[in-house]
Amino acid sequence: MNDPATLRGTVMGVKTRYRCTACGNLTRFDVVETTSVQSFHHYTVGGELSIEEPEVISKTVESVTCRWCGHGRGVEVIPESQ
Ligand SMILES: [Zn+2]
């Protein structure tokens, strides 16, 4: 579970819990994620923009670092079922 690739593919709306295997932290993490949002850009005749219907089409967790001990590679994902 130490491979960062195992942290990828988290989809919006799915609750992900993490656990630091180094210090046991369950509550404080620095999470870096990339989100792709598709939205409807609506311009008025005067060129004023309003952005509507934003929809997250993908979200990727780049890295998770434990806030307590700074351990990045010891963080594992806790499966939803537990
Ligand atoms: Zn930790």
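As the structure lists them, so they are numbered: ligands from 1, and atoms in each ligand from 1.
- A donor atom on one side chain and an acceptor atom on the other are not found under 3.5 Å apart for Thr35 and Glu33.
- Around atom CD of Glu52, more than 12 heavy atoms belonging to other residues, nucleotides or ligands sit under 6.0 Å away.
- Between the side chain of Thr21 and the backbone N or O of Gly74, at least one donor-acceptor pair lies under 3.5 Å.
- Between the side chains of Glu53 and Ser39, no donor-acceptor pair is found at a separation under 3.5 Å.
- With sequence neighbours left out, the side chain to side chain donor-acceptor pair (under 3.5 Å) criterion links Arg67 to Asp30.
- The side-chain heavy atoms of His42 and Ile51, taken from C-beta on, include no pair separated by under 4.5 Å.
- By the criterion of a separation under 2.8 Å, the protein N/O/S atoms near the Zn ion (ligand 1) amount to Cys20 SG, Cys23 SG, Cys66 SG, Cys69 SG.
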